[in-house]
Amino acid sequence: MANNEEIFKKIIAHSKEYGFIFPSSEIYDGLAAVYDYGQYGVELKNNIKSYWWKSMVQYHENIVGIDTAIFMHPTIWKASGHVDAFNDPLIDNKDSKKRYRADVLIEDHVEKIEEKIQKEVKKAAERFGDTFDEQQYRTTNQRVVEYQEKITSIKTRFVDSLEKGDLADIKTLIEECGIVCPVSGSKNWTEVRQFNLMFSTQMGSVSEDSNQIFLRPETAQGIFVNYLNVQKSGRMKLPFGIAQIGKAFRNEIVARQFIFRMREFEQMEMQYFVKPGEELKWFEFWKDARIKWHTSLGIPREKYRFHDHDKLAHYANAAADIEFEFPFGFKELEGIHSRTDFDLSAHQKYSGKKLQFFDPETNESYVPYVVETSIGVDRMFLAVLSNAYNEEKLEDGSIRVVLNIPPVLAPIKAAIFPLVKKDGLPEKAREIMDLLKFDYMCQYDEKDAIGKRYRRQDAIGTPYCITIDHQTLEDNMVTIRERDTMTQERIEISKISEIISSKMKKNF
Ligand code: GAP
């Protein structure tokens, strides 16, 4: 079996070969960290967005959706803190001339120590068998305790230095950890510098500085500045939520890992406005609701883990990431933040407009607190794709490449095949296609042998293939073949829709 790096390369190649993702501007040699979605990619992406939107807006009576502009008044980014503090600490290696995010170098180093702990734990578990007490082992085994202390000390020092703005100490920490450049292998580092991640452009006349505007680095601010519009026009009472899906832009310096870190990407964000003092209850509620959403797709729970933040942003009083096990390890997929009243209060201050809620129960006006859930569409796409990609060895020794995409997200729900291109079978197949195509994304295919057609559909993750043969003309029955088990069944045409629909059940 290939290792994770090889599998990741295969996933990237598969995405391109089968029309999921193409490098942007490829005929001009591409544009770093920007990608285009192909014919199947866009379907999968739309299905992810729709699954999220339904779970938020359709499922909750007190959550509504909006769609705000990418361009916003520049003062918004001053109020939100993005102008002054949306920075990454960067460091260059003088030999390879490669640039890295200092925090990512340190994070990767910590992960290597964590892997050593995992190895020790695994070895011990095998040695002690059923009597193994992992918790006790982690707190008493000297080597593991030392590794753990090392991790804590590196993390604490990094957070302290970052908070104090002591960039020189971050460089010293990198040197003391013995971190080398993955390309040159050297420790020849420059100083650490802060770099703002927002893209800017000019609105109107290019000569005036005051016309500088930013491409939004998150969709959340569009929600905050419309909080009162929605609350008043929708007569919303606390707690209530506003959801939005849209593009965000960040000038990521170290853009890497395919669509994991892009310069132009999409977010699905929901801000839940609550009574001050109730935010931690809702924070726990949304942590639970979001992990249920993920597992409702049938992706194993072990692929996810919570990471509670050691360092809270100045505006948050609780924060956790949902991490997913990508082929390159556990990484952030979604963030859940209790953002207090920071954003609304800041906009109130900078705009001079009151953004308060009048509570009819207490006869008081106050600025609500906010719990946010924020997930990248593209990261979710990568999570789904990397979980779905499978190379199966079949009984005849051949390899089947199949995407076991959750059926509700699959780009094509059913493929319709006439067994042969004659004898009225294509016409019958088209009839079935017309029956299904208003409800489901279907694909008609009459080229090549049936086996080859199955393989093509497996490779794009189609849950069902329906074959029309001569017998169909007699008895109105077709053969339906299921993607994951490859089992085939003979069913009546009138049952096809019901079978597909039973696979699309939502359970969030
Ligand atoms: N409003 C909060 C916010 O933007 P974030 O943790 O910076 O928080 C939220 O981003 C989510 O957006 C992340 O968990 C990730 O899924 C996605 N995301 C952030 N930067 C990204 C990038 N450069 N490329 C792809 N997805 C990204």
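Every number for a ligand or one of its atoms is a count from 1 in the order of the listing. None of the values given here were measured: they were computed from a predicted structure.
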Is ligand 1 under 4.0 Å from a heavy atom in the side chain of Arg339, in the backbone, in both, or in neither? side chain
Decide, yes or no, whether a salt bridge links Lys331 with Asp321 under the criterion of side-chain N to carboxylate O below 4.0 Å. no
For Tyr369, does its backbone N or O pair with a side-chain atom of Glu279 as donor and acceptor, under 3.5 Å? no
Short list, please: which atoms of ligand 1 are under 4.0 Å from a heavy atom of Glu269? 1 (N), 2 (C), 3 (C), 4 (O)
Apply the test ring-ring contact (aromatic ring centres under 6.0 Å, His included) to residues Phe258 and Tyr35: give CA-CA distance (whole Å), side-chain angles for both, the deciding distance (0.1 Å), then the verdict. CA-CA 8 Å; Phe258 193 33; Tyr35 290 90; 5.2 Å; yes
Rounded to the nearest 0.5 Å, how far does CG of Leu238 lie from CZ of Phe358? 12.0 Å
Test of proximity, Ile375 against ligand 1: N or O pairs below 3.5 Å: no
Measuring only between side-chain heavy atoms, which start at C-beta, is Phe273 closer than 4.5 Å to Phe224? yes
Would Glu115 and Lys119 count as a salt bridge (charged side-chain N to carboxylate O under 4.0 Å, His left out) if you check the C-alpha gap in whole Å, the side-chain angles of each, and the deciding distance to 0.1 Å? CA-CA 6 Å; Glu115 276 166 19; Lys119 257 194 203 151; over 6 Å; no
Counting heavy atoms only, which of Phe381, Phe265, Phe324 is nearest atom 21 (C) of ligand 1? Phe265
Where does the angle between the aromatic ring planes of Phe508 and Tyr51 fall among parallel (under 30°), tilted (30 to 60°) and perpendicular (over 60°)? perpendicular
Counting heavy atoms only, which part of Arg250 comes closer than 4.0 Å to ligand 1: side chain, backbone, both or neither? side chain
Atom indices of ligand 1 within 4.0 angstrom of Glu334 heavy atoms, with elements: 14 (O)
Any N/O of Gln267 closer than 3.5 Å to an N/O of ligand 1? yes
With heavy atoms and a 4.0 Å threshold, my read on which part of Arg263 contacts ligand 1 is neither
Is there any N or O on Met262 that sits under 3.5 Å from an N or O of ligand 1? yes
Can you tell me which residue and heavy atom of the protein come closest to atom 15 (C) of ligand 1, and the distance to 0.1 Å? Arg379 NH1, 3.5 Å
Please list the nearest protein heavy atom to atom 25 (C) of ligand 1 with its residue and the distance rounded to 0.1 Å. Phe260 O, 3.2 Å
Does atom CZ (Arg235) have a neighbourhood of more than 12 heavy atoms from anything else shown, all under 6.0 Å? no
Salt bridge check, Lys187 against Glu175: does any charged N sit closer than 4.0 Å to a carboxylate O? no
Within ligand 1, which atoms have a heavy atom of Arg261 less than 4.0 Å away? 22 (C), 23 (N), 24 (N)
Looking at ligand 1, does Met268 have a heavy atom less than 4.0 Å from it? no
In terms of the angle between their ring planes, are Phe328 and Phe326 parallel, tilted or perpendicular, with boundaries placed at 30° and 60°? parallel
For ligand 1, which atoms have a heavy atom of Ala220 less than 4.0 angstrom away? 1 (N)
Please report whether ligand 1 has a polar contact with Leu333, defined as an N or O pair separated by less than 3.5 Å (distance criterion only). yes
Protein heavy-atom partner closest to atom 8 (O) of ligand 1 - residue, atom, separation in Å: Ser374 OG, 4.1 Å
Please classify the Glu372 to ligand 1 contact at 4.0 Å (heavy-atom distances, strictly less than): side chain, backbone, both or neither. side chain
Test your reading of the structure: does Glu332 have an N or O sitting under 3.5 Å from an N or O of ligand 1? yes
Presence of salt bridge, Lys237 and Asp359, under 4.0 angstrom: no
